Protein chains: 2
Amino acid sequence: MPKISDERRLARRQQILDAAWRCFAREGLHVTTMDDIIRASGLSAGAVYGYFRNKDDLILAALTTSLAGLRERLVPLVTTRPLPAPAELVGAVLGEIAAFTEREGFDLKRIALLGWSESQRNETVRGTMAGFYRAFREQLAAATIVWKQEGKLPATLDEQAAAKALLALILGYVVEAAVLDDVTPEDIRRGVAQLGIGSA
Amino acid sequence: MPKISDERRLARRQQILDAAWRCFAREGLHVTTMDDIIRASGLSAGAVYGYFRNKDDLILAALTTSLAGLRERLVPLVTTRPLPAPAELVGAVLGEIAAFTEREGFDLKRIALLGWSESQRNETVRGTMAGFYRAFREQLAAATIVWKQEGKLPATLDEQAAAKALLALILGYVVEAAVLDDVTPEDIRRGVAQLGIGSA
DNA sequence: ATAAAAAGAACGATTATTCGTTTTTTATGG
DNA sequence: CCATAAAAAACGAATAATCGTTCTTTTTAT
């Protein structure tokens, strides 16, 4: 059976995904044409369609692999014990996001913005993204419970509300960094610390 | 001179803009076709092109009018004196955003997500959006100076960093509300207050 | 009455996807 | 270890559908 090796097949797939990321980051999900991605990948139309059923499939794969890569990096940070103080955890998470999204020639943070937009019109994308962020927010809620137990936060604290605020801070950093391009993780960490988060 | 009255002309323009908002919120900037907007507006192609040079012009107008409407509502909130406490100000701003973006049949918050995405590929859009958010952030920085003077925040506080964190919180709420759809302004206000922002 | 505004059919350009052909990969027998 | 045949993979021109925009004609407001 003359079939391509799994290793080779996976490499080709990643090659196409890389090309898609670059194109999407430059022109967005729907202005990018299949021909853009095909040329950027160095392959042919037939080859690309051998790995992805259609453009929607490619979009979904580009978004979910980026989300999965980020999760792999973020989960250890928020589940490690002992837990750093709130401002330090936020700073660490943002630092990891900045490091993960920095790529050769483009910024993967842009893919996040595109994913949020796409989630407003594509039910499958919305489900995937909502699931990811909800799970991450649960881990933030677990962290606030730990802080509460350690006496770093008041015992009356509503951990769901606190987790929602922490997630907003993190998502907002991504927007601010992508649109204004003058914000560092350290800026936010210092801002949060000075505003007194986790100091009560 | 048989020319349409200014009043009538402005009403027609708004009619097209409303249609564009609805279409954009439903399908995004680039999946929405001119024909979608034309049909939604109840006018003809020729009429729409009489009010907007082309699709890019219509996109820019849809984004900037939405931004301008929001600024009109937000500026009084952050420039009023005496200033509410940080958590209360954040809550008030988010409440105003929620009220302003709630529309018949769609959520204007979606337009913000689309604008952020578009700013990554359109220099004109990026300039407009960056200008808006930078100006708003300056007002937040001014607010932190006031809090500092009132002794509500430490005198050593870096107001730029604090303003960046506050803006992240606000932008992040928009993302979280649009994607997860389970966050209220009150959630964030409580979360921020309980995390101790502005309590040092 | 007249000039602007609205209408909507028509056009040229572009798009995602397919499919017949060519090239490449790999399991197998010498 | 190497040559080879079979089958998958890659190629890329062709296709059918769709899009933004224009332009001539008709309607409408003043």
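Any value given below was found using the heavy atoms of this structure, including those in side chains, with hydrogens, waters and symmetry copies removed. Owing to the predicted nature of the structure, the values given are computational and were not obtained by experimental measurement.
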Enquirer: Partners of A/Val90 by side-chain contact (heavy atoms from CB on, under 4.5 Å), sequence neighbours excluded?
Expert: A/Leu94, A/Leu166, A/Ile188
Enquirer: For A/Asp6 and C/dT25, what is the distance between atoms CG and P respectively, to the nearest whole Å?
Expert: 16 Å
Enquirer: Run the side-chain donor-acceptor check on residues 80-87 of chain A: report pairs under 3.5 Å with partners two or more places apart or on a different chain.
Expert:
unit_1: A/Arg81; atom_1: NH2; unit_2: A/Val78; atom_2: O; d: 2.9

Enquirer: Quick one: side-chain hydrogen bond (donor to acceptor under 3.5 Å, both in side chains) partners of B/Asp57, sequence neighbours excluded?
Expert: none
Enquirer: I want to check one thing: is the phosphate of D/dA9, taken as OP1 and OP2, less than 4.0 Å away from some side-chain N or O of A/Arg12?
Expert: no
Enquirer: Could you go through nucleotides 8-11 of chain C and list every protein N or O atom that sits under 3.5 Å from one of its N or O atoms, giving the distance for each pair?
Expert:
unit_1: C/dG8; atom_1: O6; unit_2: B/Gly46; atom_2: N; d: 3.2

Enquirer: Are B/Arg189 and B/Tyr173 in a cation-pi setup, meaning NZ or CZ lies under 6.0 angstrom from the ring centre and within 45 degrees of the ring axis?
Expert: no
Enquirer: Please report how far the helix from C/dA1-D/dT30 to C/dG30-D/dC1 bends, comparing the axis fitted to its first five pairs with the axis fitted to its last five, to the nearest 10 degrees.
Expert: 30°
Enquirer: Donor-acceptor pairs are to be reported for all side-chain atoms of residues 122-131 of chain B against protein atoms at under 3.5 Å, with residues two or more places apart or in another chain.
Expert:
unit_1: B/Asn122; atom_1: OD1; unit_2: B/Thr124; atom_2: N; d: 2.9
unit_1: B/Asn122; atom_1: OD1; unit_2: B/Val125; atom_2: N; d: 3.1
unit_1: B/Arg126; atom_1: NE; unit_2: B/Ser119; atom_2: O; d: 3.3
unit_1: B/Arg126; atom_1: NH1; unit_2: A/Val179; atom_2: O; d: 3.4
unit_1: B/Thr128; atom_1: OG1; unit_2: B/Thr124; atom_2: O; d: 3.0

Enquirer: With a cut-off of 3.5 Å and sequence neighbours excluded, list every side-chain donor-acceptor pair involving residues 30-45 of chain B.
Expert:
unit_1: B/His30; atom_1: NE2; unit_2: B/Glu118; atom_2: OE1; d: 2.7
unit_1: B/His30; atom_1: NE2; unit_2: B/Glu118; atom_2: OE2; d: 3.4
unit_1: B/His30; atom_1: NE2; unit_2: B/Arg121; atom_2: NH1; d: 3.3
unit_1: B/Thr32; atom_1: OG1; unit_2: B/Cys23; atom_2: O; d: 3.1
unit_1: B/Thr32; atom_1: OG1; unit_2: B/Gly28; atom_2: O; d: 2.7
unit_1: B/Thr33; atom_1: OG1; unit_2: B/Asp35; atom_2: N; d: 3.4
unit_1: B/Thr33; atom_1: OG1; unit_2: B/Asp36; atom_2: N; d: 2.9
unit_1: B/Thr33; atom_1: OG1; unit_2: B/Asp36; atom_2: OD1; d: 3.4
unit_1: B/Thr33; atom_1: OG1; unit_2: B/Asp36; atom_2: OD2; d: 3.3
unit_1: B/Asp35; atom_1: OD2; unit_2: B/Arg39; atom_2: NE; d: 3.2
unit_1: B/Asp36; atom_1: OD1; unit_2: B/Arg39; atom_2: NH2; d: 3.2
unit_1: B/Asp36; atom_1: OD2; unit_2: B/Thr33; atom_2: N; d: 3.0
unit_1: B/Ser41; atom_1: OG; unit_2: B/Ile37; atom_2: O; d: 3.3
unit_1: B/Ser41; atom_1: OG; unit_2: B/Ile38; atom_2: O; d: 2.8
unit_1: B/Ser41; atom_1: OG; unit_2: B/Leu43; atom_2: N; d: 3.1
unit_1: B/Ser44; atom_1: OG; unit_2: B/Ala47; atom_2: N; d: 3.2

Enquirer: Heavy atoms under 4.0 Å, any strand shown: does B/Tyr51 hit a base, just sugar-phosphate, or nothing?
Expert: sugar-phosphate
Enquirer: Among all residues two or more places apart in sequence or in another chain, which pass the side-chain contact (heavy atoms from CB on, under 4.5 Å) test with B/Gln160?
Expert: B/Glu138, B/Ala141, B/Asp158
Enquirer: For B/Arg53 and B/Ser5, find the nucleotide of DNA chain D closest to each by heavy atoms; which residue's nucleotide sits nearer the 5' end?
Expert: B/Arg53
Enquirer: Partners of B/Gln139 by side-chain hydrogen bond (donor to acceptor under 3.5 Å, both in side chains), sequence neighbours excluded?
Expert: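 B/Gln139: no side-chain hydrogen bond (donor to acceptor under 3.5 Å, both in side chains) contacts found.
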Enquirer: Could I get the full list of side-chain contact (heavy atoms from CB on, under 4.5 Å) partners for B/Thr101, not counting sequence neighbours?
Expert: B/Ile97, B/Asp107, B/Leu108, B/Lys109
Enquirer: Could you state the CG-P distance from B/Asn54 to D/dT21, rounded to the nearest angstrom?
Expert: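 To the nearest whole Å, that distance equals 5 Å.
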Enquirer: Got a sec? Which of residues 119-129 of chain B come in under 4.0 Å of DNA chain D, heavy atoms?
Expert: none
Enquirer: Return the residues of residues 18-34 of chain A meeting this criterion: a heavy atom under 4.0 Å from some atom of DNA chain C. Order them by number, or give none.
Expert: A/Thr32, A/Thr33, A/Met34
